[in-house]
Amino acid sequence: MTALLIEYIWLVLIFPLLGFVAIGFLHTKLSEKVIGWLGTAAVFLSFLFSLILFIEVIWFQETAFAETRAIYSWLSTAEVDIKISFMIDHLTLVMLLVVTGVGCLIHIYAMGFMGGQKGFTRIFAFMNLSIFFVLLLVLADNFLLVLSGWSGINICSYLLISLNYEQDTDIQAGKKIFIFSRFADFLLVLAVLFVFSFFKTFDFEQIFRTSIRTISEPGLTTTICLLLTFAVACKAAMVPFHVWARDAVIAPIPVSVLLTGLFLSAPSIYLIARCHVLFLQSPMAMSILSIVGLFTAFLAATIAATSDDVKRVLAYAAVSQIGFMFLALGVGAFDSAIFHLLTQAIVIPLFFISIGNLEYSAKEIKTGVVLRQKIPSSYRIFLIGALTLSGTPMLSGFFSRNEILWRTLGSQPLGGFVFWLIGVLISGLTVFYIFRSFFHKFYTEPAPTKNPVAIKRLKPTMSIPLYIFAFLAFAVGLLGLPHHSKLKNFLEPVFTNYVKTDLFDLEPQMLPLEISFTAIVILVSLIGFGFSYLLYFVKPEMPGRILLSTRPLNNFITHNWYMDELYQSLLLKPARYLANISVQLIDVKILDKIRLLIPQYLETLSVWLNKLQTGLIRNYILSFVLSIVMIFAYFLLKSN
Amino acid sequence: MPLVLFFIFAVVAVAAALVMITHKNPVYSVLFFVLSLLAFAGFYVLLHAPLVAGVHIVFYSGIIMVVFLFSIMVFGMNSKGTGEARLKNSSIIGLVASIVLLALFISFIKSGVDDMSQSLPMSDDIKSPGDLLFKKYLFPLAIISILLFSAILGSTFLVAKNKLKA
Amino acid sequence: MIPASYYLYLSAILFVLGIIGVLVRRNLILILISIELMLNAVNLTFVTFSNYWGVYDGQVFVLFIMVAASAQVGVGLALVKTIFKKKAIVDVDKFNLLGQ
């Protein structure tokens, strides 16, 4: 028996779209409260629908569940038939739940945080629209629909980032993101075109089947996979495109949460997990994927470790964790990547929301003990987040990241070990930087202020999502217990459907080895914590001295590894130079002359023509008759 | 017999038209034009189009020409200062152009296959065109009545507005 | 039987006479009448061809043209009357507001 709700799968999409349309068109008539609840309800209905579908599938479905439902024939020719059709399998279900669930909580939070601010209606309209596009991408069963959803997410990110369109920094950040995402688009379009030119279809199902059955050219598959990898890397702010991650946090907190928590990771990781069949045929693309991921994880961790702005630290923490997901994808641990995506989609919002609450309640105070005393909820939640992120046992981050590391170790004999070692190092670094900013935020002695600190009370809409996220940070880990992973079992049919080679075997007899390796990870993490504690809690003056002695290195890292400057000198400067040349040469010397010449000639012509206009009806009729004569003469001559 | 009639009508029509465009007094011009129109009605009868002939006489010779005469008389446009056919340069060019056009027309008709003396048989009734008008051309008929109606409204508006200002 | 080409020659002559009238006369009303003459020449062609082919569509077209002509006369005369009231002229050569 198939799930009943599957026939109405388009409802999931339609709710956020309706929400967007309703808010977009009726915003002048509705009050702020109604708009907020409308936007939230739209996403919540989608969530509810996905949840019911999910429960239906779990309870009533014995075998693996994978269905496609076409709702509309988009483009039908003799060669290709493109349908708007949705593919629902276990992976899709998980993604639906993550996107709508986290999206819904962020909507609730935005209601509180954005209350009374400018751009309230716009943020809700755009958030609904962006949820719609992510869902479209997740549900799509062909590459063209994926492309639509993908581009939609891009435009939504742009709109959301430049929400305060009066502020120059926001506009610049929006532009930057837009350019980067267009580049990602370009790569994805190329990949899709390659796919089409080879497989003659856009359908996932057919592409995967064909790619297995025929001995496809390895070069072509690798090209497609590499293009996909770089498109996704650009989208997820991987190296060398990581420079735009810090711009994602310029916008208001709900936007930052949505971008870093969902839009950075979900579409990218999902897309690669969806195309795992192609990737498995190209070992080179896989290893590049993992190298990119690992390098990004390291690079972002170093940047996060030197940054003083908490939001920026968090943005790079998110990027670093996405690097881990890439690593997992690269070593073939697709379900672990999804698991990590799930935990990070909870942890990152957790951080951002607690920081957002601090910002909301005490705008003037950036750091200090006061925050800890006056707003204990934020303090505690941030601590939970930090513990989760750093991989404290029994919290969700622990399970997901350790699984990735363990799988990495098992993937290849030598490379796997190197990757694992670097991964462990990054884990230590992660603990270091997250506690560094934790101590920095809550334990530094603030400069004494004269006026008493005004603390705004948090609205319930702001604290409730926080507690839900905190609860989830504990609970989600239980889904992915090693060797008893519910999530893995649930996802397994998706990843073994096409390819029978089993990359997912965790051999039970290696348990002692696994435990000892895990112990090493924990040890390294503890060392990281120890450093952080020592430097920023016990001896807060130490870091300054260390910084002095390692200034060049520090500069290097805080400048995003000079990647911005690289882009400046490689792309922007030549472009500006070209623009200048074309202004001076083409515009001024050629186009302007033509521009000035045309009106001159026109004027002479018009003065001359003006004399024809006598205003006498007789003359007009005469010209009329003369033209009839000419036309007649022409046809007569032509016929003879 | 029809050929004789045709030539009589043709001479009348052309002569009346010539007088119409040359006579100094507009009233006479109009009257000669009416004569020319009557000759047209004769052609229509010869061409087995009695309905057109009838409508033509009632409509053109009757109503339209009376309206012309009426307006000339009422507004006194036949006074001496107006209506003199003095030839100007542009008029001469026009005359030449018209004659060239006539030559073109004639050579055009001559270039046809024959003199088209064999026409298909046709009954003389007014039922057939009436049928056609109210069945096949019902929609154009409706459109053209809207045109006529708007023309009535337009001319009424033009005149009434003038009256309001005066 | 009268050849149809005779009618065509005749209507050509009458049409050109109408054009001459339009081009030569200066009285606005006479210009309008000349246009009527041209229309009638065209009507004659229509009826001629209707007779030649043995179909009635040409006659119906003539009826339509008559209606259009009457509409034209109505509006034209109203315009002439308006101009006459304002300027007291019917001479087209003295009426060249557009060229001034």
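To find a chain, count down the sequence lines: A is the first, B the second, and so on, and within it residues start at 1.
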Look only at the side chain of B/Ser155 and the backbone of C/Val75, and say whether a donor-acceptor pair between them is shorter than 3.5 Å.
no

Given a strict heavy-atom distance threshold of 4.5 Å, which part of B/Leu37 is in contact with chain C: side chain, backbone, both, or neither?
side chain

Looking at the rings of B/Phe105 and C/Tyr9, which for Trp means the six-membered one, are their centres under 6.0 Å apart?
no

Using non-hydrogen atoms and a 4.5 Å limit, figure out which bit of C/Phe61 sits close to chain B: side chain, backbone, both or neither.
side chain

C/Ser70 side chain reached by B/Ile64 side chain, heavy atoms, under 4.5 Å:
yes

Which portion of B/Leu141 sits near chain C, non-hydrogen atoms under 4.5 angstrom:
both

Between C/Gln72 and chain B, which part of the residue has a heavy atom less than 4.5 Å away: side chain, backbone, both or neither?
neither

Find out whether C/Ile35 and C/Val22 are in side-chain contact, i.e. whether some heavy atom of one side chain is under 4.5 Å from a heavy atom of the other.
yes

Please classify the contact of C/Leu77 with chain B as side chain, backbone, both or neither, using a heavy-atom distance under 4.5 Å.
side chain

If you count heavy-atom pairs under 4.5 Å with chain B, which of C/Asn40, C/Leu10, C/Leu37, C/Ile20 comes out on top?
C/Asn40

Nearest-0.5 Å distance, CG of residue C/Leu8 to NZ of residue B/Lys110
13.0 Å

N/O donor-acceptor pair under 3.5 Å between C/Thr45 side chain and C/Ala41 backbone:
yes

Find the one option among B/Ala49, B/Ala17, B/Ser150, B/Gly154 whose heavy-atom pairs under 4.5 Å with chain C are most numerous.
B/Ala49

Under 4.5 Å from any heavy atom of chain C - which part of B/Phe33
side chain

Between C/Val55, C/Asp57, C/Ile19, C/Leu79, the one whose heavy-atom pairs under 4.5 Å with chain B are most numerous:
C/Asp57

Measuring heavy-atom distances to chain C, does B/Phe149 have an atom under 4.5 Å in its side chain, in its backbone, in both, or in neither?
neither

Contacting moiety of B/Phe7, where chain C heavy atoms sit under 4.5 Å:
side chain

Side chain from CB out, backbone as N, CA, C, O: work out which of these in B/Ser145 comes under 4.5 Å of a heavy atom of chain C, or both, or neither.
neither

Do C/Leu44 and B/Leu47 come within less than 4.5 Å of each other through their side chains, counting heavy atoms only?
yes

Do B/Asp131 and B/Ser128 have side-chain atoms, one donor and one acceptor, less than 3.5 Å apart?
no

Side chain, backbone, both or neither: which part of B/Phe40 has an atom under 4.5 Å from a heavy atom of chain C?
side chain

Within a radius of less than 6.0 Å around CG of B/Leu31, do more than 12 heavy atoms belonging to other residues, nucleotides or ligands occur?
yes

Looking at C/Thr48 and C/Ala4, would you say the former's side chain and the latter's main chain have a donor-acceptor pair under 3.5 Å?
no

When the 4.5 angstrom heavy-atom criterion is applied to C/Tyr7 and chain B, the contacting part is both

Can you tell which part of C/Ile33 gets under 4.5 Å to a heavy atom of chain B, answering side chain, backbone, both or neither?
both

Honestly, the part of C/Val67 sitting under 4.5 Å from a heavy atom of chain B is both

Any sub-3.5 Å donor-acceptor pair from C/Asn51's side-chain atoms to C/Val47's backbone N or O?
no

Segment of C/Leu14 engaging chain B (4.5 angstrom heavy-atom cut-off)
side chain

Quick one: which of C/Val60, C/Leu23, C/Ile13, C/Leu63 has the most heavy-atom pairs under 4.5 Å with chain B, could you say?
C/Val60

